[in-house]
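One structure is given here, and the rest of the page talks about it.
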Amino acid sequence: MSKQFAVIGLGRVGASLARTLREMGHEVLAMDRNEDLVQELSAEMPGVELVSADASESGILAGFGLEDFDGAAVVIGEDIQASVLITLILKELGVPLVLARAGSPLHARVLEKVGADHVVEPEREFGELLAHRMSSPAIQEYLEIGGGQAVARVAVPGEWVGHSLSELGLPGRRGLLVLAIQQPDGSWRLPDPGEKLRSSDTLMLGGPRRELDRLEIPASREG
């Protein structure tokens, strides 16, 4: 089902977001105050409505009917004042879902205070992912969900290969739960407790961060 989204700010994150939303079949309004950038991106974003305007100026956003959109993302880079003001304007217009990019924990708290429904800190999150990848190369993706818990996509640890989930007893021993298994062809399936794990499998694991960080990559999957 096609939805309507607005993307404010067309840096690398904003441009990628607008492009991906359009490729997913949604209607996208993308805006940036840099007219040259908007012109440059016009050839790269077929189907995206591109607008050159300063969204923080009084009345600019009100004329686009954003209250009827399904959501908007404020992905402005270092202009904290503008990102906070635009987030506030979007919520006052009645946009039901507003996502905002923050450059620091303080910026994130301010965005939350003015009504952002979800705040992301790409640089911090990327740094945390790199730290986990360096510490535990088995981890391919990592998402913290609070309370010391996380979800991660990992290669099957070497000591688990050839054993079934029921044999490993992960929930009782380590508090880990296998949510799904990815096969070599990229497809996902729900885990069968009696099926033995293979070195070619990839797991979606949930559980305590400290246990996920302890996972070791099998020698056959290194490099």
Side-chain angles (χ1 to χ4, degrees), residues 1 3 5 7 12-26 70-71 73 75 97 99-103 105 108 112 116-223:
M1 177 180 173
K3 297 182 179 180
F5 296 109
V7 177
R12 285 174 294 182
V13 174
S16 177
L17 173 59
R19 188 182 297 111
T20 303
L21 286 170
R22 182 56 191 159
E23 290 172 352
M24 294 170 66
H26 301 300
D70 295 282
V75 281
L97 176 66
L99 285 73
R101 172 187 179 180
E112 291 170 352
D117 298 287
H118 185 65
V119 178
V120 295
E121 296 179 61
E123 291 81 3
R124 178 184 63 80
E125 293 172 8
F126 183 60
E128 290 177 353
L129 174 60
L130 285 182
H132 289 295
R133 290 292 300 272
M134 292 176 70
S135 175
S136 305
I139 293 178
Q140 300 167 10
E141 292 182 62
Y142 194 95
L143 175 65
E144 292 188 30
I145 57 177
Q149 303 289 307
V151 175
R153 185 165 70 93
V154 304
V156 176
E159 67 269 24
W160 296 5
V161 174
H163 297 280
S164 68
L165 296 179
S166 58
E167 291 172 341
L168 292 170
L170 298 175
R173 291 178 50 230
R174 303 182 63 173
L176 295 174
L177 182 65
V178 177
L179 306 172
I181 298 177
Q182 186 179 35
Q183 300 170 106
D185 65 0
S187 63
W188 289 90
R189 57 181 172 79
L190 295 176
D192 179 345
E195 181 180 355
K196 296 187 182 299
L197 297 176
R198 301 168 297 180
S199 61
S200 58
D201 289 332
T202 298
L203 308 179
M204 187 64 73
L205 278 177
R209 288 175 49 191
R210 64 179 182 278
E211 291 294 339
L212 291 170
D213 292 343
R214 289 173 53 197
L215 297 177
E216 296 290 342
I217 191 169
S220 60
R221 299 285 288 276
E222 290 180 348

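Considering only residues two or more places apart in sequence or on other chains, Glu195 meets the side chain to side chain donor-acceptor pair (under 3.5 Å) condition with Arg189. Scanning for side chain to side chain donor-acceptor pair (under 3.5 Å) contacts around Gln182 gives Arg153, with sequence neighbours left out. Under the salt bridge (Lys or Arg N to Asp or Glu O under 4.0 Å) criterion, Glu167 pairs with Lys196, not counting sequence neighbours. Among residues two or more places apart in sequence or in another chain, the side chain to side chain donor-acceptor pair (under 3.5 Å) test is passed with Ser16 by none. By the salt bridge (Lys or Arg N to Asp or Glu O under 4.0 Å) test, Arg210 pairs with no residue at all, sequence neighbours left out. Under the rule for a salt bridge (Lys or Arg N to Asp or Glu O under 4.0 Å), Arg22 has no partner lying at least two apart in sequence or in another chain. Every residue two or more places apart in sequence or in another chain that forms a side chain to side chain contact (heavy atoms under 4.5 Å, CB included) with Val178 is listed here: Leu165, Leu170, Ile181, Pro191, Leu203, Leu205.
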For this session: Mind running side-chain contact (heavy atoms from CB on, under 4.5 Å) on Leu97 and Asp70 for me, showing each step along the way?
Result: CA-CA 7 Å; Leu97 176 66; Asp70 295 282; over 6 Å; no
Under the criterion side-chain contact (heavy atoms from CB on, under 4.5 Å), I'd like the reasoning laid out for Val151 against Leu212: C-alpha separation, chi angles, the key distance, then a yes or no.
CA-CA 8 Å; Val151 175; Leu212 291 170; over 6 Å; no
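Considering CG of Leu17 and CZ of Arg101, their distance stands at 11.0 Å, rounded to 0.5 Å. The distance from the CD atom of Gln149 to the CG atom of Leu177 is 10.5 Å, given to the nearest 0.5 Å. If you take CG on Asp117 and CG on Leu99, they are separated by 7.0 Å, rounding to the nearest 0.5 Å. A distance of 14.5 Å separates CZ of Arg19 from CE of Met24, quoted to the nearest 0.5 Å. Atom CG in Leu179 sits 9.5 Å away from atom CG in Leu190 (nearest 0.5 Å).
Put simply, the side chain of Met204 does not reach to within 4.5 Å of the side chain of Glu141, judged on heavy atoms. No side-chain heavy atom of Val156 sits less than 4.5 Å from a side-chain heavy atom of Thr202. The shortest distance between side-chain heavy atoms of Leu176 and Pro208 falls below 4.5 Å.
The heavy-atom pair separating Glu121 from Pro105 by the smallest distance is OE1-N, 3.5 Å. Residues Gly194 and Ser166 share a closest heavy-atom pair of CA-OG, 4.3 Å.
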